[in-house]
Amino acid sequence: MNDHRKIFETELLGTLTEVMRQYLAHFESDAHTFIDGLTKAANVWKQYEAAAVKREQQQEELVWSAAYFLSAINSALVSTRLFLSGYIVPSGNLARQALESLAFGILLAFPSTGTYREWKKGHASEHKALGRLARHAKHCGVNKASASELDKQAKWFDQLSHPSRLGLATIWMPPCKEHPEGGWNVGALFAEQHLEQYRKEMANRISLPSLLANSIAGTMITLKMEVAA
């Protein structure tokens, strides 16, 4: 990925559908803010990946950590594309996956957490990464505020990981000027009446890139401190 911003802009805003145009009438500026933030996160990731490759022979876990960090960036991007396309439920699922990938990438980088050892043996524990990171936060260089923010974000997106009232809002078109009788919906949806909820959803996605960039950078700093020691 050489030109991160161009790639992200194409993936996020290319080939617009009618529903996307409805979302972007309200969130185009936010979409570009998200792209800018994700570009910064990708640039931090690139530095991490380069350092990981150099240490691969001695610390192979770092390359896998970098892979999960990139997965987090990609999941955040695709999640936001789905949101702006009117697919809120799968968008929320991928946003949670971004957070879990981020937390797991941090845990892999620190052998004393036991995460890489277990993962290498084939034991999948990615779904437990957020709770595990909270327990190992200090050792991994993650402050309590950051761990709390990750957990807060994950709990928000939990609303879209299971059937819920919020999820039902994606199949019901409330009465409005264009559709006075309302009606049921399948597939993508934009409903003006849900605009306040959409704003909250977009705000959470805008905050994701900063979490990614800060967490990856923090992991790099902590690893350097360990090496220096």
Side-chain angles (χ1 to χ4, degrees), residues 5-38 41-42 68 70-104 124 126-130 150-209 211-212:
R5 197 185 195 289
K6 184 176 181 181
I7 292 170
F8 294 153
E9 187 170 13
T10 299
E11 288 294 326
L12 187 66
L13 301 175
T15 317
L16 300 183
T17 64
E18 181 54 36
V19 170
M20 278 196 76
R21 289 188 177 91
Q22 290 176 296
Y23 274 89
L24 290 175
H26 300 275
F27 299 114
E28 185 168 7
S29 176
D30 290 331
H32 286 286
T33 298
F34 171 83
I35 292 169
D36 290 340
L38 202 63
Y68 274 90
L70 182 58
S71 177
I73 290 171
N74 184 64
S75 293
L77 174 64
V78 178
S79 169
T80 305
R81 169 73 188 206
L82 286 169
F83 168 71
L84 294 174
S85 298
Y87 299 106
I88 294 179
V89 171
S91 170
N93 290 335
L94 264 181
R96 197 184 200 291
Q97 184 166 315
L99 294 170
E100 290 177 338
S101 295
L102 175 62
F104 199 72
E126 289 90 334
H127 63 293
K128 300 178 181 178
L130 291 163
L150 282 171
D151 186 57
K152 179 181 177 182
Q153 285 271 11
K155 286 179 178 177
W156 172 266
F157 291 120
D158 273 348
Q159 299 177 86
L160 297 171
S161 295
H162 308 285
S164 64
R165 290 188 180 188
L166 182 59
L168 290 179
T170 66
I171 62 169
W172 168 246
M173 173 70 76
C176 60
K177 184 177 179 180
E178 291 79 11
H179 305 280
E181 296 181 1
W184 299 105
N185 175 76
V186 293
L189 174 70
F190 176 87
E192 191 81 28
Q193 295 88 334
H194 295 325
L195 191 55
E196 191 58 35
Q197 183 66 41
Y198 296 159
R199 289 196 176 100
K200 292 178 181 178
E201 290 289 337
M202 192 65 195
N204 275 283
R205 280 156 187 79
I206 288 175
S207 70
L208 266 177
L211 276 174
L212 293 168

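Heavy atoms only: backbone and side chains are in, while hydrogens, waters and symmetry mates are out. From a predicted model like this one, the values you see are computed outputs, not experimental measurements.
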Quiz item: Is there side-chain contact between Phe104 and Lys128, with at least one heavy-atom pair below 4.5 Å?
Solution: no
Quiz item: Partners of Tyr87 by side chain to side chain donor-acceptor pair (under 3.5 Å), sequence neighbours excluded?
Solution: none
Quiz prompt | Distance (rounded to the nearest 0.5 Å) between Met202 CE and Thr33 OG1 | solution = 8.0 Å
Exercise. Taking the side chain as every heavy atom from C-beta outward, state whether Ile35 and His32 have any pair of such atoms under 4.5 Å apart.
Key: yes
Quiz item: So, for Ala98 and Ala76, which heavy atoms are closest and what is the spacing to 0.1 Å?
Solution: CB-N, 3.9 Å
Practice problem: Grab the two heavy atoms, one from Ile73 and one from Ala42, that are nearest each other, plus how far apart they are. | Solution: CD1-CA, 4.0 Å
Self-check item: Shortest non-hydrogen separation from Tyr198 to Tyr23 and the atoms involved
Solution: CZ-OH, 3.4 Å
Practice problem: For Thr170 and Asn185, work out which heavy atoms get closest and say how close. | Solution: O-ND2, 3.2 Å
Quiz item: What are the two closest non-hydrogen atoms of Leu189 and Ile171, and how far apart are they?
Solution: CD2-N, 4.4 Å
Quiz prompt | side-chain contact (heavy atoms from CB on, under 4.5 Å) assessment of Phe83 paired with Ile88 | solution = CA-CA 5 Å; Phe83 168 71; Ile88 294 179; 4.2 Å; yes
Quiz item: Which value, rounded to the nearest 0.5 Å, describes the distance between Leu102 atom CG and Gln97 atom CD?
Solution: 12.5 Å
Self-check item: Nearest-0.5 Å distance, CD of residue Gln22 to OG of residue Ser85
Solution: 12.0 Å
Quiz item: About how many Å separate CG of Leu38 and CG of Leu212, when rounded to the nearest 0.5 Å?
Solution: 7.0 Å
Practice problem: State plainly whether the residues Lys200 and Glu196 are in salt-bridge range, i.e. N to O under 4.0 Å. | Solution: no
Show which side-chain atoms of residues 5-18 pair as donor or acceptor with protein atoms under 3.5 Å away, not counting sequence neighbours.
residue: Arg5; atom: NE; partner: Asp36; partner atom: OD1; Å: 2.8
residue: Arg5; atom: NH1; partner: Glu9; partner atom: OE1; Å: 3.2
residue: Arg5; atom: NH2; partner: Asp36; partner atom: OD1; Å: 2.9
residue: Thr10; atom: OG1; partner: Lys6; partner atom: O; Å: 3.0
residue: Thr17; atom: OG1; partner: Met20; partner atom: N; Å: 3.1

Practice problem: Walk me through it: do Glu192 and Leu195 pass the test side-chain contact (heavy atoms from CB on, under 4.5 Å)? | Solution: CA-CA 5 Å; Glu192 191 81 28; Leu195 191 55; 3.7 Å; yes
Quiz item: Taking the inter-plane angle between the rings of His26 and Phe190 on a 0 to 90° scale, is it parallel (under 30°), tilted (30 to 60°) or perpendicular (over 60°)?
Solution: parallel
Quiz item: Would a distance-only check, ignoring hydrogens and angles, find a side-chain to backbone donor-acceptor pair under 3.5 Å from Ser79 to Ser91?
Solution: yes
Quiz item: Less than 4.5 Å apart, any side-chain heavy atom of Leu211 and any of Leu99?
Solution: yes
Quiz item: If you round to the nearest 0.5 Å, how far is CD1 of Ile206 from OG1 of Thr80?
Solution: 9.0 Å
Exercise. Can you run down the salt bridge (charged side-chain N to carboxylate O under 4.0 Å, His left out) pairs that involve residues 77-99, sequence neighbours left out, and say none if there aren't any?
Key: Arg96-Glu100, Arg96-Asp158
